[in-house]
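Written out below as structure tokens is the structure these notes cover.
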Amino acid sequence: MIPIAIIILSGMKLVLATNFNRDFDILWGNGRGNIHNNGKLLSLSLDEYSGSGIVSKNAYLYSRIDMQIKLISGNSAGTVAAFYVGSHGDYRNEIDVEFLGNLTGDPYTIHTNIYTKGNGGREQQIRLWYDPTSSFHTYTISWSPFMIAIYVDGTPIRVFKNLESSGVPYMTDLPMKVYTSLWNADQWATRGGAIKTNWTEAPFKVWLRNYKARGCVWKNGGSSCSYGTSQIVNQDWYKQRELDWSSKEMLKWVRHNHMIYDYCRDSSRFPYGLPHECYLDTLLT
Ligand SMILES: *[C@@H]1O[C@H](CO)[C@@H](O)[C@H](O)[C@H]1NC(C)=O
Ligand SMILES: *[C@@H]1O[C@H](CO)[C@@H](O)[C@H](O)[C@H]1NC(C)=O
């Protein structure tokens with residue numbers, strides 16, 4: 001019998017899922033999403049007719065997901081590649097990491113958003129300090145009971161704390177699956193939609209590898225961590241309540257030097273006051 005989740009203990013890192021074949025289903029794209037090397041590598045492709053995407057078999061209620069991604073080189077204008085975790089329904093939660101393409105030589109933008117209980121509108125954008133198309137880089141979504149953190153090669157680019165006690169909704173109820181996809185968004189993605197996808201250069205391709213999921217798997221209507229018995233709850237990412245000092249310094253560096261948009265600074269968009277969380281924590285503003 002083959003166990004549903006193979007638990008690999010490597011030091012203190014409890015990794016539950018690592019393989020595109022075993023741990024994902026192709027969600028859409030009619031042959032444009034392809035798994036290679038026995039599940040170690042994935043390519044997503046986009047042409048004039050369709051993009052493609054995959055979804056994890058497991059849903060998690062708290063997880064830390066690592067994915068290495070190599071984005072489209074050359075002209076990627078109009079395209080969006082996405083790596084996100086999300087649930088379903090009117091009160092859905094979602095943590096989005098989207099890569100907005102650009103013309104050859106112009107920089108990619110990382111666009112992040114956080115939906116809690118059906119409401120998003122928490123966009124931030126940064127420019128990377130390296131070329132994300134020339135090699136693989138590691139993108140991490142960490143979601144614990146206390147905070148969400150998004151990392152690029154271990155450098156935090158965004159934090160969203162559980163501020164439920166101050167009236168800001170957090171994601172504590174619904175399990176989320178992991179998604180990656182590539183699609184055409186030339187109505188808005190590049191320079192606000194001014195630059196269209198150039199289909200003579202299709203198919204566009206994104207490569208993904210070294211998928212690692214740690215997390216509390218959702219089974220029979222409950223989280224495997226809910227009774228505190230899982231080894232997951234002893235992991236650093238799960239217990240983390242704030243970034244350590246050096247990570248905070250790195251996040252400040254990113255925000256100071258590489259951030260190009262933050263909803264918490266966009267007072268013209270919120271004439272009646274910024275969203276509540278923008279006033280609560282200095283790392284959010
Ligand atoms: C693409 O490059 C242009 C020029 O550098 C820049 O203004 C724009 O923000 C970049 N990204 C997107 C997604 O449009
Ligand atoms: C689209 O790409 C082709 C091939 O690289 C190029 O010849 C053409 O000028 C491009 N079209 C636009 C509108 O930039």
Side-chain angles (χ1 to χ4, degrees), residues 29 32 43-53 67-86 94-115 120-141 150-153 155-158 160 179-208 251-270 274 278 284-285:
R32 291 174 182 81
S43 58
L44 295 175
S45 165
L46 164 71
D47 58 38
E48 224 175 323
Y49 306 103
S50 179
S52 48
M67 188 78 88
Q68 290 193 333
I69 306 176
K70 185 172 176 291
L71 294 164
I72 299 160
S73 59
N75 182 9
S76 56
T79 71
V80 173
F83 164 43
Y84 62 103
V85 295
E94 199 168 286
I95 306 167
D96 286 328
V97 180
E98 294 184 341
F99 302 90
L100 314 187
N102 219 331
L103 292 168
T104 306
D106 283 345
Y108 252 95
T109 295
I110 295 200
H111 176 99
T112 62
N113 200 357
I114 291 170
Y115 282 77
R122 300 193 176 94
E123 296 88 354
Q124 288 185 359
Q125 292 188 341
I126 65 158
R127 291 272 168 72
L128 293 164
W129 45 95
Y130 56 84
D131 176 3
T133 72
S134 63
S135 55
F136 284 92
H137 290 268
T138 305
Y139 302 91
T140 305
I141 296 175
I150 300 171
Y151 300 88
V152 167
D153 291 332
T155 296
I157 61 164
R158 178 162 196 176
F160 185 88
Y179 298 80
T180 70
S181 55
L182 175 64
W183 76 88
N184 178 42
D186 65 3
Q187 315 86 334
W188 61 273
T190 306
R191 294 199 211 163
I195 315 262
K196 302 297 173 196
T197 306
N198 185 342
W199 295 115
T200 59
E201 304 188 37
F204 300 98
K205 268 194 184 174
V206 168
W207 294 89
L208 303 102
L251 180 58
K252 280 187 207 160
W253 172 80
V254 170
R255 295 178 59 84
H256 193 76
N257 296 288
H258 300 282
M259 180 169 262
I260 56 172
Y261 180 79
D262 183 2
Y263 75 111
C264 278
R265 290 176 182 164
D266 192 352
S267 43
S268 64
R269 179 176 163 194
F270 302 103
L274 295 168
C278 297
L284 295 165
T285 55

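Counting convention: from 1, in listed order, for ligands and their atoms alike. Numbering starts at 1 and runs along the sequence shown.
A donor-acceptor pair under 3.5 Å links the side-chain atoms of Thr190 to the main chain of Gly78, judged by distance alone. Judged by distance alone, the side chain of Asn102 and the main-chain N or O of Pro107 form a donor-acceptor pair under 3.5 Å. In this structure, Asp96 contributes its side chain and Thr112 its backbone to no donor-acceptor pair below 3.5 Å. The backbone N or O of Leu71 lies less than 3.5 Å from no partner atom in the side chain of Thr133, so there is not a single donor-acceptor pair.
In the vicinity of Thr200, heavy-atom distances shorter than 4.0 Å reach the ligand 2 atoms 1 (C), 2 (O), 3 (C), 4 (C). Listed by number with element, the atoms of ligand 2 under 4.0 angstrom from any heavy atom of Glu201 are 1 (C), 2 (O), 5 (O). For ligand 1, the atoms sitting less than 4.0 Å from at least one non-hydrogen atom of Arg127 are 6 (C), 8 (C), 9 (O), 10 (C), numbered in the order shown with element in parentheses. Heavy-atom proximity to Leu100, at under 4.0 Å, picks out these atoms of ligand 1: 13 (C).
You'll find the side chain of Gln68 stays beyond 4.5 Å of the side chain of Trp207, heavy atoms only.
For atom 10 (C) of ligand 1, the closest heavy atom belonging to the protein is Asn102 ND2, 2.4 Å. Given atom 12 (C) of ligand 2, the protein heavy atom at minimum distance is Asn198 ND2, 3.4 Å. The nearest protein atom to atom 14 (O) of ligand 1, hydrogens excluded, is given as Arg191 N, 2.7 Å; this is a heavy-atom distance.
Proximity of Lys196 to ligand 2, defined as any heavy-atom pair under 4.0 Å, is not found for any part of the residue. Residue-level proximity to ligand 1 for Thr109 is carried by the side chain, the only part with a heavy atom below 4.0 angstrom.
Taking OH of Tyr115 as the reference point, atom OH of Tyr84 lies at 10.5 Å (rounded to 0.5 Å). With rounding to the nearest 0.5 angstrom, the CG atom of Asn198 is 9.0 Å from the CG atom of Leu103.
With 3.5 Å as the limit, one finds no donor-acceptor pair spanning the side chains of Thr155 and Asp153.
Atom 5 (O) of ligand 2 is approached by the protein to below 4.0 angstrom, counting heavy atoms only. Taking a distance limit of 4.0 Å, we find that atom 2 (O) of ligand 2 is approached by some protein heavy atom.
Considering only non-hydrogen atoms, atom 13 (C) of ligand 1 lies nearest to Ala189 out of Gly193, Gly192, Ala194, Ala189.
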